[in-house]
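Predicted model only: the values in this text are computed from it and were never measured. So that the names make sense, note that chain A is the first sequence line, chain B the second, and so on, each numbered from 1.
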Number of protein chains: 2
Amino acid sequence: MTVSRLVKVKKACQNCNVRELCLPTSLEGVELNLMDEVVQQRIRLQQGDYLYNTGDGFKGIYAIKSGSLKTSGITIDGKEQVTGFHLGGEIIGMDAIDEEIHACDAIALTDTEVCHLPFDKIREISIQIPPLLKDLTRIMSREIRREEHVLMLLGSTTAEQRIARFLVNLYDRLQKRGELENIITLFMSRQDVGNYLGLAIETVSRQFKNFRDKQIIEVDKKNIKVLDMQRLLEIAE
Amino acid sequence: MTVSRLVKVKKACQNCNVRELCLPTSLEGVELNLMDEVVQQRIRLQQGDYLYNTGDGFKGIYAIKSGSLKTSGITIDGKEQVTGFHLGGEIIGMDAIDEEIHACDAIALTDTEVCHLPFDKIREISIQIPPLLKDLTRIMSREIRREEHVLMLLGSTTAEQRIARFLVNLYDRLQKRGELENIITLFMSRQDVGNYLGLAIETVSRQFKNFRDKQIIEVDKKNIKVLDMQRLLEIAE
DNA sequence: ATAATAAATTGATCCAAAGCAAATACAACC
DNA sequence: GGTTGTATTTGCTTTGGATCAATTTATTAT
């Protein structure tokens, strides 16, 4: 099902123009340069579609144009473990470069558009255009640091602190992408939040209530309005 | 103190020969190729020495020849958070490539030797020798996957499972490096283990006792002898 | 050696978050 | 509209692991 979608999109959008079709406004210079040179196709995903599955052969990395995805692996005992949420302007799939096999699933959480960046071509062009090589290493380095950051996030002891840090992080990323002032759109389920943060969904729900009671946020299903960012930052520390 | 050590080593070991001086036997091909081209100096660290501090300017990445290090960041509220343990054959410092500032501390847990790999030179040579570019991206990809793996590790609910997974992971890495059969040498303190796994040191201690009572391991201070790997794997799942 | 300091273990208590269960809200479908 | 299935919230109970405190075991210095 996902595969047929991919094929269809491929036909519809060969060599699409980067600037026109595949550029989230939030993309920073490094991604922009890279994409400009190597983008070949745009892929549309509906909510729930897989961009790739664990075990899939590596075909390249993906720049997220719009929408959102989660990456999640399967632990040895068969349970899902969400390892990250990804927004427009970010690049995913770099964990598969080494072994040429994807080590996790990437699933669209909303309708999403990504640009496929064939990695062989990236390498090829990086040799011809040295500044692009710098961009490439910077992008990969950033991903390493992002994951280190998640590790720090999970280091917090209390559920309250984890949720606060999660919200602050998401807020920052959404604001950077020009989303509505003070609104955090949770594009993932409570289940995914809990899984990601190592908390039961009930705990996630109760912490939202906790912050609501303290007049720090307003919760309307998937939309969270931040009323008191100062307090939220204090709790996150 | 660390700085003076670095300077001293620099003088003693300029342009040391890679094959002779800086090669852990466990280094895989990709690191080996890379190092062969760009290694300039070897750095000796004593237990407790910092290879770099958070905020230090980025001077390059480091291939660990022998010994072990931990990387740890400081959370917003000032507490330490261990983000990884690193053994001979691994490469650290790649999180700083993007912003050219180290985002964490790297501290030697035992007497350690590392090879300094200036990153500008790596890029330069990668352009001249394309296979090295592939090696470089593979090494960075591997680091991304390693951190994803840690995230999965922390996803496990119970302390017992976390400790089991931690031991299995360490066992595998040490065996790959040709360490003694069935012996896991804990080169880090219980404090570090607990911090890394998000557990109190008392819990770490009690879980070791738990596995000891179950005849799964034998604990002699820093040395853990695995008596029943099957059981350990079952608990880790 | 012995003292002093730090690391690790063990015991006992307490609490935050998990687990269970039931109720409510939402979405998709006929 | 109503019905079914899913997601979320809320209440209640249980428990795993944190915390506090004391002891034992290492390590370092004198």
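In this structure, A/Thr158 and B/Glu202 both approach DNA chain C, and ranking their closest nucleotides by distance from the 5' end singles out B/Glu202. Where B/Thr203 and B/Gln47 each meet DNA chain D at their nearest nucleotide, the meeting point lying more 5' is that of B/Thr203.
Across all their heavy atoms, B/Lys70 and B/Val82 have their closest contact at CD-CG2, 4.2 Å. Closest heavy-atom contact between B/Arg190 and B/Val204: CD-CG1, 4.0 Å.
Heavy-atom contacts of chain A under 4.0 Å fall on DNA chain D between two terminal nucleotides, which in 5' to 3' order are D/dT8 to D/dC12.
With hydrogens and angles left out, the side-chain atoms of A/Tyr171 and A/Asn182 include a donor and acceptor closer than 3.5 Å. No side-chain donor-acceptor contact under 3.5 Å links B/Asp172 and B/Gln175. The closest side-chain donor-acceptor pair between B/Arg165 and B/Asn169, if any, does not fall under 3.5 angstrom. A side-chain donor from one of B/Glu80 and B/Ser72 sits under 3.5 Å from a side-chain acceptor of the other.
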Go through it in stages, so that I can follow the logic: the residues are B/Phe187 and B/Leu170, the test is side-chain contact (heavy atoms from CB on, under 4.5 Å), and I'd like the CA-CA distance, side-chain angles, deciding distance and then a yes or no. CA-CA 10 Å; B/Phe187 42 86; B/Leu170 212 53; 4.1 Å; yes

From CA spacing to verdict: salt bridge (charged side-chain N to carboxylate O under 4.0 Å, His left out), A/Arg142, B/Glu99: CA-CA 8 Å; A/Arg142 199 182 298 170; B/Glu99 299 198 340; over 6 Å; no

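Here C/dA17 presents its C1' atom at 14 Å from CG of A/Leu197, a figure rounded to the nearest Å. Per the geometry, CD belonging to B/Gln207 stands 12 Å off P belonging to C/dT9, to the nearest Å. C/dC26 atom C1' lies 17 Å from atom CD of A/Gln191, rounded to whole Å. In this structure, B/Ile201 places its CD1 atom 15 Å from C1' of C/dG11, rounding to the nearest Å. Atom C1' of nucleotide C/dA16 and atom CD1 of A/Ile235 are separated by 16 Å, given to the nearest angstrom. Put simply, CZ on B/Phe208 is 15 Å from C1' on C/dT10, counting in whole angstrom units. Atom NZ of B/Lys209 and atom P of C/dA7 are 22 Å apart (whole Å).
The side chain to side chain donor-acceptor pair (under 3.5 Å) analysis of residues 215-231 of chain B, with sequence neighbours excluded, yields no pairs. Among residue pairs with one or both ends in residues 68-89 of chain B, those qualifying as ring pair (Phe, Tyr, Trp, His ring centres under 6.0 Å) are B/Phe85-B/Tyr196; sequence neighbours excluded.
Within the nucleic acid shown, A/Gly198 comes within 4.0 Å of sugar-phosphate atoms alone, with no base atom in reach, counting heavy atoms only. Within 4.0 Å of A/Arg212, counting heavy atoms only, lie sugar-phosphate atoms of the nucleic acid but no base atom.
Between C/dT9, C/dA12, C/dA17, one nucleotide has an atom nearer to the side chain of B/Arg206 than all others, and that is C/dA12. The side chain of B/Arg190 lies closest to C/dA8, out of C/dC20, C/dA8, C/dA17.
The terminal axes of the helix from C/dA1-D/dT30 to C/dC30-D/dG1, fitted over 5 pairs per end, subtend an angle of 50° to the nearest 10°.
Listed by residue number, the members of residues 215-225 of chain B with any heavy atom below 4.0 angstrom from DNA chain C are B/Lys222.
For A/Gln161, the side-chain hydrogen bond (donor to acceptor under 3.5 Å, both in side chains) partners two or more places apart in sequence, or in a different chain, are A/Glu237.
Checking B/Thr83, B/Thr54, B/Asp105 one by one against B/Thr71, the side chain to side chain donor-acceptor pair (under 3.5 Å) holds for a single residue, B/Thr83.
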